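Computed from a predicted structure; not experimentally measured. Atom set for the values below is all heavy atoms of this structure, side chains included, hydrogens, waters and symmetry mates excluded. The chain is numbered in sequence order, starting from 1.
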Amino acid sequence: METLLHQLYIQRFINSSWYDRYEEPPPPQTVTTIWSLIVSMYAVGGLFGTVSVKFISGMVGRKKTMICNSCIAIAAAGIMMASKGAKSYEMIIAARILNGYSAGLGMCTHLMYLGEISPRNIRGAVTLTSATFLSLGRLSGRFFGLSEILGCEELWNIVLCVPAFFSLVQVIALPFLPDAPRYLFIEKGDDKACRRALQSLWGQGDYKQEMDDMLAEQVAIEAAPPKSPLKLLRDSTVRWQLITMSLIYCCNQLSGLSTISTFSFDIFLKAGIPRDKIRYVTLGLGLSEIITSVLCGLLIEHTGRRPLFWICYGVMSASWVLVTVTLNLEVSSYWVPYVAACLINLFILFCGGPVGATATLNSEIFIQSHRLAALVLMGIQRWLVVAMLGLVFPFLINALSSYIFVLFACMCLLGCLYTFFLLPETKGKTLLEISEEFKAITVCGKSFLEKRRLETKL
């Protein structure tokens, strides 16, 4: 509901800005085009941010990249704040591009930093905090966007600047933290700075075993230098890692989670929830996201990554099937739409498993020389899917109605089957051990490495 109101407020602002500038009302098609640009430029910015992560984080390090990235987000908020007074919808478009760029660059760098500063025995729990705070950010947006707080027409430009507060906190806090030890040792070759960073993060100690693991990885990297995204795509030794991450990213984004976040108003309206109640149902979704992220953080080092994927994907698939059945019975009683809302909350509770485990898996299955290129590839895929969903979903939900959720159920089932049968467990293993397990994957008795050896012999 609040998202719909913000859309109306910004479209009215476009109308008034156009009238003040040209002394005539804009054609409806022009307003729609400008609004579409405002929405879509976020994904465009995210795509450019993802593409640039390899160059920027490799050049200045993870910590400085995150500080610079936070400054970009603060600058975007300043432009958004000033757009109303300047009566310029172009400034909103520019702010959205910068916000998207900040999101694309920041998400990849944040995951790398968490994976590279965490001890092996709690690597999963530490990396999963990214999903927890992402959920907290969504909840904050929904909360401050309520019409009782900042979600009124006079304050729409202020509520869109709320994320800048968290960026400011990051700019203040990050200078007191060390850079990633793996970056300092493997990419910069500074073993003393690496040891100081480890002692600062983990407490006093010599950390010989950890540095020996990094040294072994560095030797492997010297034998296989850092690759560009295109070269990584051609490398058969990491083919299963790329297939795994690509499929899991697709399953996460096409599972319905991204759609619920963006189109929650349309979904609950289709479910039969009264308009004035939808805002509170979406707040419940935000709380469910945070609860499940915290629970997964507590469970991931006990259960491992693989069970979190296939069990949660299975429950998510069953939830969507039940939602489809429930929505087709909505006319039978007034309480049926609320059952559908509860089932969607159940989906949210279990989707934290794959989302959180994906963040952990992303930092575990690629060695240092491959990780940046892999993050770029996965980020490009992520933002392309986001853009595609934004364009296609409104038409799909009108064409398929409640049966749209069958598509989501099929994607969740695909994720369940793939992770159950093919995904190796990565809990407590070094990056080189994980790499060897992926190389050993076979389908129908064949692997990519066998094919490569055969081609070499020929």
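A donor-acceptor pair under 3.5 Å links the side-chain atoms of K427 to the main chain of H302, judged by distance alone. Although no hydrogens or angles enter the test, the distance criterion places no donor-acceptor pair under 3.5 Å between the side chain of R306 and the main chain of P424. Counting only distance, with no hydrogens or angles, the side chain of T324 and the backbone of W320 share a donor-acceptor pair below 3.5 Å. Judged purely by atom type and a 3.5 angstrom limit, S200 has no side-chain atom pairing as donor or acceptor with the backbone of A197. Without hydrogens or angle criteria, Q11 side chain to V31 main chain gives no donor-acceptor distance under 3.5 Å.
Residues L407 and L254 form no side-chain contact, since every pair of their non-hydrogen atoms from C-beta on lies 4.5 Å or further apart. Using a 4.5 Å heavy-atom cutoff, the side chains of S435 and H370 are not in contact. Using a 4.5 Å heavy-atom cutoff, the side chains of L322 and L346 are not in contact. A heavy-atom distance below 4.5 Å is found between the side chains of M107 and R382. Annotation: side chain of K439 is not in contact with side chain of W240 (no heavy-atom distance under 4.5 Å).
We find the CZ-OG1 distance between F405 and T326 to be 10.5 Å, quoted to the nearest 0.5 Å. Taking CH2 from W35 and OH from Y89, the interatomic distance works out to 15.5 Å, rounded to the nearest 0.5 Å. Expressed to the nearest 0.5 Å, how far CZ of F347 lies from SG of C312 amounts to 10.5 Å. We find the CD1-CD1 distance between I34 and I10 to be 12.0 Å, quoted to the nearest 0.5 Å. Atom CD of Q241 sits about 11.0 Å away from atom CD of E437, to the nearest 0.5 Å.
Considering all non-hydrogen atoms of both residues, F309 and L361 come closest at CE1-CD2, 4.0 Å. Across every non-hydrogen atom of T50 and G379, the tightest pair is CG2-CA, 3.1 Å. Closest heavy-atom contact between C351 and M316: CA-SD, 3.5 Å. Nearest heavy atoms, E364 versus R305: OE2-NH2, 2.6 Å. Taking both residues in full, the closest heavy atoms of W383 and G100 are given as CZ2-O, 4.4 Å, listed atom of the first, atom of the second, then distance.
Not counting sequence neighbours, S57 has no partner by the side-chain hydrogen bond (donor to acceptor under 3.5 Å, both in side chains) test. Listed by chain and number, the residues in a salt bridge (charged side-chain N to carboxylate O under 4.0 Å, His left out) with R96 amount to none (sequence neighbours excluded). Scored by the salt bridge (charged side-chain N to carboxylate O under 4.0 Å, His left out) test, E210 finds no partners at all (sequence neighbours excluded). With sequence neighbours excluded, the residues that form a side chain to side chain contact (heavy atoms under 4.5 Å, CB included) with A76 are L98, N99.
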- Message: Run I38 and I14 through side-chain contact (heavy atoms from CB on, under 4.5 Å) and show every step you take.
- Response: CA-CA 11 Å; I38 290 172; I14 294 169; 4.0 Å; yes
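For the residue pair Y101 and S52, a side-chain donor N or O sits within less than 3.5 Å of a side-chain acceptor on the partner. For T109 and N69, the side-chain atoms include no donor-acceptor pair closer than 3.5 Å.
Atom NZ of K64 is surrounded by 12 or fewer heavy atoms from other residues, nucleotides or ligands within 6.0 Å. Heavy-atom contacts from other residues, nucleotides or ligands closer than 6.0 Å to CZ of F350 number 12 or fewer.
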Indicate every side-chain donor-acceptor pair of residues 159-179 with a distance under 3.5 Å to a residue at least two apart or in another chain.
from, atom 1, to, atom 2, distance (Å)
Q170, OE1, S70, OG, 2.5
D179, OD1, R62, N, 3.4
D179, OD1, K63, N, 3.3

Side-chain donor/acceptor pairs under 3.5 Å, residues 409-418, sequence neighbours excluded:
from, atom 1, to, atom 2, distance (Å)
Y418, OH, T244, OG1, 2.8

